[in-house]
Amino acid sequence: MNNEPLIFEHSRPGRVNRAQSAHFAGDLDGIPENMRRKQPPALPEVSELDAVRHYTRLSQRNFSIDTHFYPLGSCTMKYNPRACNTLASLPGFLGRHPQQREADSQGILACLWELQEMLREVTGMTAVSLTPMAGAQGEFAGVAMIRAYHDARGDHQRSEILVPDAAHGTNPATATMCGYTVREIPTDAQGDVDVEALKAAVGPNTAGIMLTNPSTLGVFERRIHEIARIVHEAGGLLYYDGANLNAILGKVKPGDMGFDVIHMNLHKTFSTPHGGGGPGAGPVGVSERLRPFLPIPVVGREDDGSYRWLDERDLPQTIGRLSAHIGNTGILLRAYIYALLLGREGMTRIADFATLNANYLMVKLREAGFDLALPERRATHEFIVTLKRQAKEPGVTAMDVAKRLLDYGFHAPTTYFPLIVPECLLIEPTETESKETLDAFVEAMAAIQAEAEKDVETLKGAPYSLPVRRLDDVKAARELDLRWQAAG
Amino acid sequence: MNNEPLIFEHSRPGRVNRAQSAHFAGDLDGIPENMRRKQPPALPEVSELDAVRHYTRLSQRNFSIDTHFYPLGSCTMKYNPRACNTLASLPGFLGRHPQQREADSQGILACLWELQEMLREVTGMTAVSLTPMAGAQGEFAGVAMIRAYHDARGDHQRSEILVPDAAHGTNPATATMCGYTVREIPTDAQGDVDVEALKAAVGPNTAGIMLTNPSTLGVFERRIHEIARIVHEAGGLLYYDGANLNAILGKVKPGDMGFDVIHMNLHKTFSTPHGGGGPGAGPVGVSERLRPFLPIPVVGREDDGSYRWLDERDLPQTIGRLSAHIGNTGILLRAYIYALLLGREGMTRIADFATLNANYLMVKLREAGFDLALPERRATHEFIVTLKRQAKEPGVTAMDVAKRLLDYGFHAPTTYFPLIVPECLLIEPTETESKETLDAFVEAMAAIQAEAEKDVETLKGAPYSLPVRRLDDVKAARELDLRWQAAG
Amino acid sequence: MPFIPHTEADVAAMLEAIGVAHIEDLFDEIPPELRAGSLDGLPEGRDELAVSQQLRAHAARDAQPLCFAGGGAYEHHIPAAVWEITSRGEYYSAYTPYQAEASQGTLQLLYEFQTMMAELTALEVSNASLYDGATALAEAVLMAVRGNRKSKARRILMPRSVHPRYRAVVETIVRHQGITLELLDFDASGGHIAPPTLPAEPGDVTALVIPQPNYFGALEDADALTDWAHAHGALVIGVVNPTAMAVIAPPGEWGEQGADIACGEGQPLGIPLASGGPYFGFLCCTQKLVRQMPGRIIGATEDLDGQRGYVLTLQAREQHIRRSKATSNICTNQGLMTTAATLYMTLMGPQGLARVAAQCHANTRALVERLCAIDGVTPLFERPRFHEAALRLPRPALEVLDALAERGILGGIDLSADYPGLGDALLVCATETRSEADLDAYASALREVLSA
Amino acid sequence: MPFIPHTEADVAAMLEAIGVAHIEDLFDEIPPELRAGSLDGLPEGRDELAVSQQLRAHAARDAQPLCFAGGGAYEHHIPAAVWEITSRGEYYSAYTPYQAEASQGTLQLLYEFQTMMAELTALEVSNASLYDGATALAEAVLMAVRGNRKSKARRILMPRSVHPRYRAVVETIVRHQGITLELLDFDASGGHIAPPTLPAEPGDVTALVIPQPNYFGALEDADALTDWAHAHGALVIGVVNPTAMAVIAPPGEWGEQGADIACGEGQPLGIPLASGGPYFGFLCCTQKLVRQMPGRIIGATEDLDGQRGYVLTLQAREQHIRRSKATSNICTNQGLMTTAATLYMTLMGPQGLARVAAQCHANTRALVERLCAIDGVTPLFERPRFHEAALRLPRPALEVLDALAERGILGGIDLSADYPGLGDALLVCATETRSEADLDAYASALREVLSA
Ligand SMILES: Cc1ncc(COP(=O)(O)O)c(C=O)c1O
Ligand SMILES: Cc1ncc(COP(=O)(O)O)c(C=O)c1O
């Protein structure tokens, strides 16, 4: 009784949802036969009730922040205030065509301009462009600006981007897309960038380095000043992956750490929804020397207080456009609303309580018998538990624990990332979760540990209480089934 | 892991949801100490995330039309079009204070006036008042009008309202509230009103009769004309309980059957949501002779096409007001939108397909071995299965079947109503459900029957797959626990 | 066909199973002479696009003035989460929770709602809602008549300071049951029921109604009134504003023993103005009176495994069981509105609600100050008030309201229709949603209007 | 504290457990000289009421003209159910479905989405979305370069009739990988790529981009172009409007073998205009190319009990596994928008979508007729079109658009900025949401403007 058929299985030929397609009188006059479609696409033919019921039921098969604690490390799954959704959905915003005149767009431009300014302030950068549509596109914009900078100086030999081995996969992938080769820098035993290795790696080929700070290991890169000096002295620039900005809002500004360019993940730090995969927004901030290269459009303010789009005429050295319009405007609005709600004090409190929660949870899990990847370090907003020991004996993997947590009503932490820590769980509780929730999570982890000691198989079979048991990834990749097809 | 604590159990002293209560500066100057509250009320103290998560999780513990087939007889659980909600929630409607001037209310008044007219048309009555807030209040208005009519004629001896024994409980309860005594009229073996008994009952004391047609037995009262004649000849009036109007829209008009007054349940026939109990709307329609007594306000249209509220100045004989404002306006708007979407053809189709579905399901359940309460009759929009036989052997009650259906993913039909059919299930599939859903329901019923034959205990223990097993009603009524109280 | 899923093949198969040729045949029990010709008076059906455009036009047609009207319906800020959650299909499209096991969401929520309302009124129990504040008062009166076994008179003392519409509704609803509503006048200077003017020997009184605050926003001497009523064998029914309950002494704490029943309009608790409805009525009482309650009541119980769960309880009071002897005919109530109210109260918490109340109070005070700085405008009553105030104007209120409306301001409610004796009088209210700038705008518009 | 649940007692207990005295101590690994002074540039936090009022004011500030602009963003009717379901918390606040068992809702929905997009384009597979139509084209180009093993040239033929912004974005994104975008001019009379003008010996071409309809609304000879490209070893990338796909031949059916890749902007499928985003890009291809796909792909599989379920698959293509060798750096995509699109396509069905397409087509034709009845207004191109049309004006388009804006009309898009050679030219579009009255309003406004 657990099964929800595919929407196509609800479909019946000739079933028409008339409220949505009743009274049109259009024909295709003027379109030659040979340009027309012969067979209609096999979209589902269902009633409105079928559709609503099916997708309501499907929704209930998801864990989400609104239903579960979701400590997915690196993803900052904090509460998404509902006001951000409601207000960003005001008809005045939703109904606006992107080509509406600037004179008729001063309301939305004001919001975006204020957001730009606020992001400048929290990051300590000189200028911001809102246009990138996610973190990875922000990274692309950033590295493309680094490239444009070197190119503009005629410095064409710089072909390498340095990336710590703990970095998020988007970092090396981005460098490649920008035409760079990637050189990995190892991490030392304390979780910091191995500075000796870095020194050995930099040189005249170094275009720049991409750093996340706090790093993906959940610790603050303490020698950041030294790293900045080394790279800058070699003529490279510093890229800041802002995915972990939540941990340091109001505490340190990337601009002060010496970064030249940074992206932010508004769908993390500024609590815009993840939507089951997106959309997000990845604004970029730059120091003065990269300002000419910002992706367009950027919102400008005139002396008379009116706003307008800046484009290639204003920024002739721009790296160009990254989207057909201005990017994920609706997401930017949500971030703007969030920032207004929190304000200056609220921003700093984010870092305070995200850090408090992470450190508390870390201590409690250690007390419960779990090994920390970096036991000597403070947690930032997240930290890593490693199950290396348990994987040997009794043979329980990070995956097993993750799946079993689902049965206990908790979304699993991030597993197997960063790649350099074996059997790891990257745990990020965020500031919006309460002490009781953290305590309940610790209890669940302890209970799972006890189960593992008694009978590993219980964990291997998990989950038990969800619509499906553990799914076979290998089969999925081997016997590709990527779409439904009518039988016969 | 199935348990969701009470919101009060999430509460912690001093936890404040600041986004909703941050920056007020008000004080209570001018209010004397002794009029002030001493201890704040123990409302929950939780974060916005706590609240959203708790009530999202609770919502998932409901069956609803949007998630399940819900064939609750007499309740017309059909699809509630989402457009009705979205459009009735436009800021222009939601933000309007009820005391806004008529001159500034022509938009909403136009909607309500058009709805009044449409309801007149479908019922065949002379005039309509929208103000009653549910079926029962419509009944109250109707019977009060009957009373006002007799009173206005100086006919004060009429102290009785006749009510068939199959009637909904609101009918006799309403008659009592209007100061009448209730005399029950039995039903004959064919499910019709026992006309001989009726003849014996009517007389100079008869104020009127309350009838549902199609009746709560799911059949059309065939001798309605004769009944009308009998009651009218005795000087009584006929009240039509419109709860079952869905079955006959566009097929018969209550006005043509001889009824003097009628209420409609817009939350049934016009598909406004039931909302887990309400709100509904119960407009009343009257024949010419009852028009002076209509409850106020009523929307009137002036010759210049403008609209205004009619009140006691226009209707000096009105039975009066039934609500502080105009009633459940937002529900009326939803019904209006629904009527616009369906239009004239759509209204008739409702009856067609509600009746088709009911008769099909009835036939299929009979084929599956279930006994019908009235096997010789056509079903209207609903019909009755009786488990009298099964209650004797193997000892399975209507309640057992109802609870087991929940495990099969179907809401149960109405049980034990009407009271005159033993062990009954009153089944109303509605027109918005598809053949496949009906077939699946029949399969489930057949499977439950098979289970019953194999092992009655399976059914007695049902449900098994819901957040709770079968609940103890007796304990609830004996050991009253109607609110949470802090321990200690 | 809008909202009807049947394909032609479905229809054919179903008709065959039934054994008839046409859908029309299914109506063969209806006497042919009754068959309706058609529904020509209805418009043709239209698709969602067309209907959306029509409704948007209707909604845009009416002015959206700056609101300073109260009178039982208040513009409060409603947190976005309230309706984003309330309109979830599982709440929106469920029926009354008859099948408890499949309705634990609604039932637990209502149990929480009952707890919150009982807390707000400081009474022991609450039901799960009535239609609105006015019908809640009518039901409270009926309940008092049933509940006060010592009184034979069926006589209710009803102050004129109770909302006039509420009084009208009570009249409509209870008049057939031989109940007398005896009006009590208010004090001309305070606008409240002055306890000294109450009769020393009132005779058999079934119940006294006490509005708090009353229709004029004035605060009643609830303690003294309650004690007076109880001393004379009458029950006490409080009609209260739920927002006020965060800061004003609640019915359960009035006088020596507390009121017996409290009721009122739930709209301020997260329900939009919406042209007047749907709102919801609430009704709370002492444990002693619980069996006289009308409407749904939710109780906690256990399941077969001993796990906690929630059900509709005390159903023997209700029409579907007790029929003509039921406590009321109410069946469908205002469930979805209580869902919103539960979310609202949860999101506000005790502190939040108290702040809203205090800010409303402060705003109305500031408004009164500004308006009474205008020549000829004075407070009608000298009396502690909460959140609403009656003002005397130098010109007829209707005229003034019209002129304000031209300036985009809904200036309040004309009192002269319901209280001709008060002369040119206006009821104003400024909730927490009104800013300083709004108050200034009203004051300057009024100044302009009155000097015109 | 907004959105932070900690009470003072909580904080004290947690600090004690950690063993520090103050929250500040938790930041002791940050070099002190780096510590930020403050965030003085930010405003003070405000409550939801205040922020709501501010946002309402911002939203109300901008005009809401009657829209006749398209250019890749179309005002279509969106059934109410689309966003009422899409904004449910379980979709809205979930992450990428890494834990498949806890994300079957999103995963099954995306599998259904992939099926629908593959159906619309008549190609074999679809991914689960990219950022927007422009980046989807960029990814398609990169994919073609990887996928066309026979071509060494990294040379893409890019018609000038492709949306100018898309071309700009492709340029931004692919320029670092040694790829040449070679512009193809359009036919001056048809506005399309005239197959006869294509070079007989084009040399090593990696891929040809075919827009259908193109930026001017003109329909390309997709069959001939496809066959030409395949004959010369080039892959074919279709950039298509998904609404058009209901009635216009889809890429998978172009020419002998069909296109290899199809991409485009998903906005018409239930996504509001929203000032330009978020929208979503879609990308479909032949089975052969699936391992070159960027972005998430969902596959069906089985669980331990053999029950069907859905997972993210072919992850070895992606950045989190393959890192610098990934097919793309994309990670977060536009998930929620595909949720809405899936609901939209489901609610429309094949008939509904075809009717929308036909009505858009008819409306634009009717608009062109009305506008071209005005002196000096003529169609720019003689060519079958779908849903959008380029017009020649007797006056500069910007001037005309300004004058129309004064009359509450967004009259279309000025073509002269992107195509100076076309003179005074305007791109107009009338979707199914425009009524006869709307078309008349535009025509009479334009007449007025041009005769002024
Ligand atoms: C450390 C880090 N960098 C970059 C990204 C990429 O951001 P996006 O998913 O928004 O493209 C992520 C996202 O998970 C991340 O965690
Ligand atoms: C036959 C019948 N009459 C009257 C009513 C009462 O209507 P309401 O619940 O709207 O008060 C109902 C409701 O279930 C009903 O089924």
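The sequence lines fix the lettering, A, B, ..., with proteins before strands; numbering per chain opens at 1. Bear in mind the structure is a predicted one, so any value in this text is a computation, not a measurement.
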Peer 1: Please check if the side chain of E112(C) supplies one atom and the backbone of I7(B) the other of a donor-acceptor pair under 3.5 Å.
Peer 2: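 Looks like yes, one N/O pair under 3.5 Å.
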Peer 1: Check whether H97(B) reaches the backbone of A274(C) with its side chain - one donor and one acceptor, N or O, closer than 3.5 Å.
Peer 2: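 Here the side-chain-to-backbone pair does not exist.
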Peer 1: With a 4.5 angstrom heavy-atom cut-off, which part of I413(C) approaches chain B: side chain, backbone, both or neither?
Peer 2: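 Only the side chain of I413(C) comes within 4.5 Å of chain B.
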Peer 1: Please classify the contact between A73(C) and chain B as side chain, backbone, both or neither, with a heavy-atom cut-off of under 4.5 Å.
Peer 2: both
Peer 1: Going through the checks in order, is the side chain to side chain contact (heavy atoms under 4.5 Å, CB included) test met by I248(C) and R37(B)?
Peer 2: CA-CA 5 Å; I248(C) 301 288; R37(B) 182 162 192 140; 5.8 Å; no
Peer 1: If I measure from the heavy atoms of chain B, does I321(C) come under 4.5 Å with its side chain, its backbone, both, or neither?
Peer 2: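 Neither part; nothing is under 4.5 Å.
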Peer 1: Checking heavy atoms, do the side chain of R322(C), its backbone, both or neither come under 4.5 Å from chain B?
Peer 2: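 No part of R322(C) comes within 4.5 Å of chain B.
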Peer 1: Applying the side chain to side chain contact (heavy atoms under 4.5 Å, CB included) criterion to F140(B), which one of I173(C), I330(C), T135(C) satisfies it?
Peer 2: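 Considering I173(C), I330(C), T135(C), a side chain to side chain contact (heavy atoms under 4.5 Å, CB included) with F140(B) is found only for I173(C).
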Peer 1: With a 4.5 angstrom heavy-atom cut-off, could you sort out which part of S93(C) is near chain B: side chain, backbone, both or neither?
Peer 2: both
Peer 1: Given side chain to side chain contact (heavy atoms under 4.5 Å, CB included), test L340(B) with R46(C) step by step and report yes or no.
Peer 2: CA-CA 6 Å; L340(B) 290 179; R46(C) 305 174 69 196; 5.7 Å; no
Peer 1: Strictly by modelled atom types, are Y131(C) and N328(B) linked by a side-chain donor-acceptor pair under 3.5 Å?
Peer 2: no
Peer 1: Looking at E4(B), is its backbone amide N or carbonyl O close enough to the side chain of Q108(C) to form a donor-acceptor pair, meaning the two atoms are under 3.5 Å apart?
Peer 2: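 Looks like yes, one N/O pair under 3.5 Å.
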Peer 1: Between E44(C) and G343(B) (side chain of the first, backbone of the second, donor and acceptor by atom type, cut-off under 3.5 Å), is there such a pair?
Peer 2: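 No; zero donor-acceptor contacts below 3.5 Å.
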Peer 1: Can you tell which part of L347(C) gets under 4.5 Å to a heavy atom of chain B, answering side chain, backbone, both or neither?
Peer 2: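 Both parts, backbone and side chain.
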Peer 1: Is A354(C) close to chain B through its backbone or its side chain, or both, or neither, when contacts mean heavy atoms under 4.5 Å?
Peer 2: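 Neither part.
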Peer 1: Please state whether the side chain, the backbone, both or neither of T67(B) comes within less than 4.5 Å of a heavy atom of chain C.
Peer 2: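 Side chain only.
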Peer 1: Does a salt bridge link R365(C) with D27(B), judged by any charged N lying under 4.0 Å from a carboxylate O?
Peer 2: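 D27(B) and R365(C): salt-bridged.
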Peer 1: Give the intermediate values and the outcome of ring-ring contact (aromatic ring centres under 6.0 Å, His included) for residues F417(B) and H320(C).
Peer 2: CA-CA 9 Å; F417(B) 173 77; H320(C) 61 289; 9.1 Å; no
Peer 1: May I ask you to test the N62(B)-Y92(C) pair for a side-chain heavy-atom distance under 4.5 Å?
Peer 2: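 The answer is no; the side chains never approach within 4.5 Å.
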Peer 1: Checking R344(B) side chain against L42(C) main chain: does a donor-acceptor pair fall under 3.5 Å?
Peer 2: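 Yes, the answer is positive, given that a donor and an acceptor are paired below the 3.5 Å cut-off.
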Peer 1: Do the side chain of R165(C) and the main chain of A324(B) share a donor and acceptor less than 3.5 angstrom apart?
Peer 2: yes
Peer 1: If you count heavy-atom pairs within less than 4.5 Å of chain B, which of L109(C), V311(C), V247(C), D223(C) leads?
Peer 2: V247(C)
Peer 1: Against chain B, label A222(C) side chain, backbone, both or neither, depending on which of its atoms sit under 4.5 Å from a heavy atom there.
Peer 2: neither
Peer 1: Please determine, by modelled atom types, if R321(B) and T172(C) share a side-chain donor-acceptor pair under 3.5 angstrom.
Peer 2: no
Peer 1: For L28(B), is it the side chain, the backbone, both or neither that has a heavy atom under 4.5 Å from a heavy atom of chain C?
Peer 2: both
Peer 1: Could you check whether any side-chain N or O of Q177(C) sits under 3.5 Å from a backbone N or O of M177(B), counting only pairs where one atom can act as donor and the other as acceptor?
Peer 2: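 Checking the backbone N and O of M177(B) against the side chain of Q177(C), a donor-acceptor pair under 3.5 Å is found.
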Peer 1: Salt-bridged, R483(B) to E119(C), with N to O below 4.0 Å?
Peer 2: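 Salt bridge between R483(B) and E119(C), a charged N being under 4.0 Å from a carboxylate O: yes.
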Peer 1: What residue in M77(B), K364(B), K38(B), E45(B) has the most heavy-atom pairs under 4.5 Å with chain C?
Peer 2: M77(B)
Peer 1: Between H274(B) and Y95(C), how do the two ring planes meet: parallel, tilted or perpendicular, split at 30° and 60°?
Peer 2: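 Correct class here is tilted.
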Peer 1: Please report the interatomic distance SG(C67(C)) to CZ(R96(B)), rounded to the nearest 0.5 Å.
Peer 2: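 Nearest 0.5 Å value for the SG-CZ distance: 10.5 Å.
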Peer 1: Name the member of S87(C), A63(C), G299(C) that forms the most heavy-atom pairs with chain B at distances under 4.5 Å.
Peer 2: A63(C)
Peer 1: So how far is it from E48(C) CD to I337(B) CD1, rounded to the nearest 0.5 Å?
Peer 2: 10.0 Å
Peer 1: Name the region of Y91(C), side chain, backbone, both or neither, that has any atom closer than 4.5 Å to a heavy atom of chain B.
Peer 2: both
Peer 1: Between D481(B) and R308(C) (salt bridge meaning N to carboxylate O under 4.0 Å), is one present in this structure?
Peer 2: yes
Peer 1: At a 4.5 Å cut-off on heavy atoms, which part of V182(B) comes close to chain C: side chain, backbone, both, or neither?
Peer 2: side chain
Peer 1: Could you tell me which portion of S126(C) (side chain, backbone, both or neither) has an atom closer than 4.5 angstrom to a non-hydrogen atom of chain B?
Peer 2: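 No part of S126(C) comes within 4.5 Å of chain B.
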Peer 1: Below 4.0 angstrom, N of the basic side chain to O of the carboxylate: do D402(C) and R101(B) qualify?
Peer 2: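 R101(B) and D402(C): salt-bridged.
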Peer 1: Side chain, backbone, both or neither: which part of R61(C) has an atom under 4.5 Å from a heavy atom of chain B?
Peer 2: side chain
Peer 1: Are the side chain of T432(B) and the backbone N or O of F3(C) linked by a donor-acceptor pair below 3.5 Å?
Peer 2: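 Between the backbone of F3(C) and the side chain of T432(B) there is no qualifying donor-acceptor contact (under 3.5 Å).
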Peer 1: Indicate yes or no for a side-chain donor-acceptor contact from R120(B) to the backbone of G41(C) under 3.5 Å, with no hydrogens or angles considered.
Peer 2: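 Side chain of R120(B) to backbone of G41(C), a donor-acceptor pair under 3.5 Å: no, none is there.
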Peer 1: When rounded to the nearest 0.5 angstrom, what distance separates OG1 in T313(C) from CG in L480(B)?
Peer 2: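 These two atoms lie 6.0 Å from each other.
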Peer 1: Heavy-atom cut-off 4.5 Å, strictly under: side chain, backbone, both or neither for V52(B) against chain C?
Peer 2: both
Peer 1: Does this structure show an ion pair linking E101(C) with K403(B), if we count only N-O contacts that are shorter than 4.0 Å?
Peer 2: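 Here E101(C) pairs with K403(B) in a salt bridge, since their nearest N and O are under 4.0 Å apart.
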Peer 1: Checking A351(B) against chain C: side chain, backbone, both or neither under 4.5 Å from a heavy atom?
Peer 2: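 Contact with chain C involves both backbone and side-chain atoms of A351(B).
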Peer 1: What part of Q54(C) gets closer than 4.5 Å to chain B, counting heavy atoms only: side chain, backbone, both or neither?
Peer 2: side chain
Peer 1: Checking F93(B) against chain C: side chain, backbone, both or neither under 4.5 Å from a heavy atom?
Peer 2: both
Peer 1: Between R377(B) and E29(C), does at least one N-O distance fall below 4.0 Å, as a salt bridge requires?
Peer 2: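 Yes, R377(B) and E29(C) are salt-bridged.
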Peer 1: Would you mind checking which part of H168(B) comes under 4.5 Å of any heavy atom in chain C, side chain (CB onward), backbone (N, CA, C, O), both or neither?
Peer 2: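 Looking at H168(B), backbone and side chain both touch chain C.
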Peer 1: Counting only heavy atoms closer than 4.5 Å, note whether N265(B) contacts chain C via side chain, backbone, both or neither.
Peer 2: neither
Peer 1: Quick one: pull up OG1 in T414(B) and CD in Q99(C) and give me the separation to the nearest 0.5 Å.
Peer 2: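 It is 8.5 Å, given to the nearest 0.5 Å.
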Peer 1: Tell me if a side-chain donor or acceptor on N329(C) pairs with a main-chain N or O of A173(B) at a distance below 3.5 Å.
Peer 2: no
Peer 1: So, taking the atom named OG1 in T355(B) and the one named CD1 in I30(C), what distance separates them when rounded to the nearest 0.5 Å?
Peer 2: 7.5 Å
Peer 1: Quick one: what part of L34(C) sits under 4.5 Å from any heavy atom of chain B, side chain, backbone, both or neither?
Peer 2: both
Peer 1: Mind listing the closest non-hydrogen atom pair of P2(C) and R349(B) along with its distance?
Peer 2: CD-NH2, 3.2 Å
Peer 1: At a heavy-atom separation under 4.5 Å, does F280(C) approach chain B through its side chain, its backbone, both, or neither?
Peer 2: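 Answer is neither: F280(C) stays 4.5 Å or more from chain B.
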